[in-house]
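Notes follow once the structure below has been shown.
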Amino acid sequence: MAMPMRRTLGALHRAICSSLKNAETSLDVQHPIPLYLPVRTKKRYFIPPAVGLKGKRQENTEAKARAAGIVFRQQYFERPINIACTAGIFDPYIPPEGDARLSTLSKDGLKQRTEQIRQSAASQLAIRKIKEHDSVFTTKDFAEKAQEIFIEAHHALTQFNKEKLHSLVTERCYPEMTRGNRYKTICWRFVESLEPPRVVHARCPDMVSKGNLYGQVTVRMHSKQTLAIYDRFGRLMLGSEEQPKDVLEYLVIERHLINPYGRWRLHGKIVPSWAPAKDPIIKTVMIPGPELKPGEEFDALNYEVPKPEAVQWYK
């Protein structure tokens with residue numbers, strides 16, 4: 001029984017080996033080479049020029065982008081402007097020196113009188129043009145209205161009310177009033193009016209186009225005010241809250257005349273060349289004290305502040 005079993009196992013082994021050989025020969029079948037047809041198409045992407053290549057001529061990138069099918073957006077170099085107010089004061093009023101009238105017998109007095117006549121004639125023409133767009137405009141009532149605008153604008157500045165301040169001052173005057181006041185405390189108060197305000201100058205310029213008119217009226221205001229400015233640590237920098245000062249100011253009020261919703265707003269201030277200089281800012285400095293030992297207390301009554309050494313300055 002053993003011999004037939006061995007023969008059957010050998011025959012099975014030979015059959016498996018022959019089948020593996022047939023499988024290996026069947027894997028060597030060669031497929032036909034596929035056929036590829038190259039199709040020429042237009043490139044729709046833009047390759048920027050290489051950086052750092054020297055000696056090569058620079059090609060026009062815009063023309064190259066158009067050839068690639070990319071359209072560049074048109075660039076506008078114009079700056080946006082605001083036509084709600086003018087950029088400055090047109091033909092500013094020149095206050096007489098010392099705010100006084102000189103004698104017409106002198107040369108300077110005659111020159112001053114001639115200039116006043118010339119300015120008053122131009123002011124009358126400007127007032128007539130302003131009344132064409134503002135029927136309720138009168139020089140007597142407008143001076144009091146300008147003083148109220150001035151007081152309300154400074155109250156809004158002390159309270160940091162930006163919305164109200166924008167409605168009372170122009171876009172040119174706003175940065176001049178708020179510049180440098182971020183970390184400061186402003187205490188301002190209008191005490192009284194020493195003289196009634198009056199209109200001394202008026203102009204009606206145009207901007208951008210001939211019919212785009214603006215009205216600029218200069219108001220002389222002599223009043224008594226108090227001003228105190230504190231830094232972010234609460235230290236006094238300028239002025240005093242108890243001591244009022246006499247202030248002579250020339251305010252410029254402006255309005256966009258052709259705008260039916262326009263209003264009179266504070267536009268600027270004219271500072272004459274003969275005006276006195278402003279008070280310097282009070283700077284708070286730290287004076288170094290004595291070096292104390294551990295457990296020793298500082299006696300401020302018996303301590304003398306050392307005087308600084310004299311230093312020779314050369315200009």
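Residue indices begin at 1 and follow the sequence shown.
Closest approach of H267 and I89 over heavy atoms only: CD2-CG1, 4.2 Å. Minimum heavy-atom separation, F160 to N181: CE2-O, 3.4 Å. Closest heavy-atom contact between V219 and A146: CG2-CB, 3.8 Å. A pairwise comparison of heavy atoms in G215 and I130 identifies CA-CD1, 4.2 Å as the closest pair. R172 approaches G88 most closely through the heavy-atom pair NE-CA, 3.6 Å. Minimum heavy-atom separation, V169 to M177: CG1-SD, 3.7 Å.
By the rule that hydrophobic residues join a cluster once side-chain heavy atoms approach within less than 4.5 Å of another member, Y250 and I94 end up as members of separate clusters. Hydrophobic clustering places V208 together with Y214 (ILVMFWY residues linked when any side-chain heavy atoms are closer than 4.5 Å, directly or through intermediates). Clustering ILVMFWY residues whenever any of their side-chain heavy atoms sit less than 4.5 angstrom apart, transitively, puts F90 in a cluster other than the one holding L213. The hydrophobic cluster containing L248 also contains I270, counting ILVMFWY residues as joined when their side-chain heavy atoms lie under 4.5 angstrom apart, directly or transitively. Hydrophobic cluster membership is shared by L238 and F190, with clusters built from Ile, Leu, Val, Met, Phe, Trp and Tyr side chains linked at under 4.5 angstrom.
For the atom pair K162 NZ and T178 OG1, the distance stands at 8.0 Å (nearest 0.5 Å). Rounded to the nearest 0.5 angstrom, C204 SG and H133 NE2 are separated by 7.0 Å. The CD1 atom of I70 sits 11.5 Å away from the NZ atom of K64 when rounded to the nearest 0.5 Å. Taken to the nearest 0.5 Å, the CD1 atom of I127 stands 5.0 Å off from the CD atom of Q124. Atom CG of D231 sits about 8.0 Å away from atom NZ of K184, to the nearest 0.5 Å. For the atom pair CG of N82 and CD of E171, the computed distance is 4.5 Å after rounding to the nearest 0.5 Å.
Judged by distance alone, the side chains of R203 and S123 do bring a donor and an acceptor atom under 3.5 Å apart.
Under the 4.5 Å side-chain criterion, counting only non-hydrogen atoms from C-beta, L227 is not in contact with K245. No side-chain heavy atom of H256 sits under 4.5 Å from any side-chain heavy atom of M207. In this structure, the side chains of K224 and P244 come closer than 4.5 Å at one or more pairs of heavy atoms. Between W188 and T226, every side-chain heavy-atom pair lies at or beyond the 4.5 Å cut-off. Within the 4.5 Å cutoff, no side-chain heavy atoms of F150 are placed close to those of S223.
At most 12 non-hydrogen atoms from other residues, nucleotides or ligands lie less than 6.0 angstrom from CZ of R232. The environment of E192 atom CD is dense: over 12 non-hydrogen atoms of other residues, nucleotides or ligands sit within 6.0 angstrom.
Between K269 and E249 a salt bridge is recorded (basic side-chain N to carboxylate O distance below 4.0 Å). A salt bridge is absent between E254 and R263; no separation between the charged side-chain nitrogens and carboxylate oxygens falls under 4.0 Å. Taking 4.0 Å as the cut-off between side-chain N and carboxylate O, D206 and K210 do not count as a salt-bridged pair.
Using a 30° and 60° split on the angle between ring planes, F142 and F137 fall in the tilted class, from 30° to 60°. Taking the six-membered ring for Trp and thresholds of 30 and 60 degrees, Y174 and H166 have nearly parallel ring planes, at less than 30 degrees apart.
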**Message:** Please determine whether salt bridge (charged side-chain N to carboxylate O under 4.0 Å, His left out) holds for the pair R189 and E242, giving the CA-CA distance in whole Å, both sets of side-chain angles, and the decisive distance to 0.1 Å.
**Reply:** CA-CA 10 Å; R189 185 167 57 93; E242 290 83 15; over 6 Å; no
**Asked** After noting the C-alpha distance and the side-chain angles of E195 and R220, does the key distance pass the side chain to side chain contact (heavy atoms under 4.5 Å, CB included) rule?
**Response** CA-CA 9 Å; E195 295 181 31; R220 178 187 180 273; 2.9 Å; yes
**Prompt:** Can you list the steps and then say if N212 with S209 is a side-chain hydrogen bond (donor to acceptor under 3.5 Å, both in side chains)?
**Reply:** CA-CA 6 Å; N212 193 23; S209 61; 4.9 Å; no
**Intermediate values then yes/no, salt bridge (charged side-chain N to carboxylate O under 4.0 Å, His left out), R255 and D134** = CA-CA 10 Å; R255 179 185 173 181; D134 189 1; 3.1 Å; yes
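The hydrophobic cluster around Y230 extends to L236, counting ILVMFWY residues whose side-chain heavy atoms fall within less than 4.5 Å of a member.
Evaluated for a side chain to side chain contact (heavy atoms under 4.5 Å, CB included) with L266, the options L168, V252, L251, L165 yield exactly one hit, L251.
The backbone N or O of Q216 sits nowhere less than 3.5 Å from a side-chain atom of H201 that would complete a donor-acceptor pair. Side-chain atoms of E296 come within 3.5 Å of backbone atoms of K293 as a donor-acceptor pair (strictly under, hydrogens ignored).
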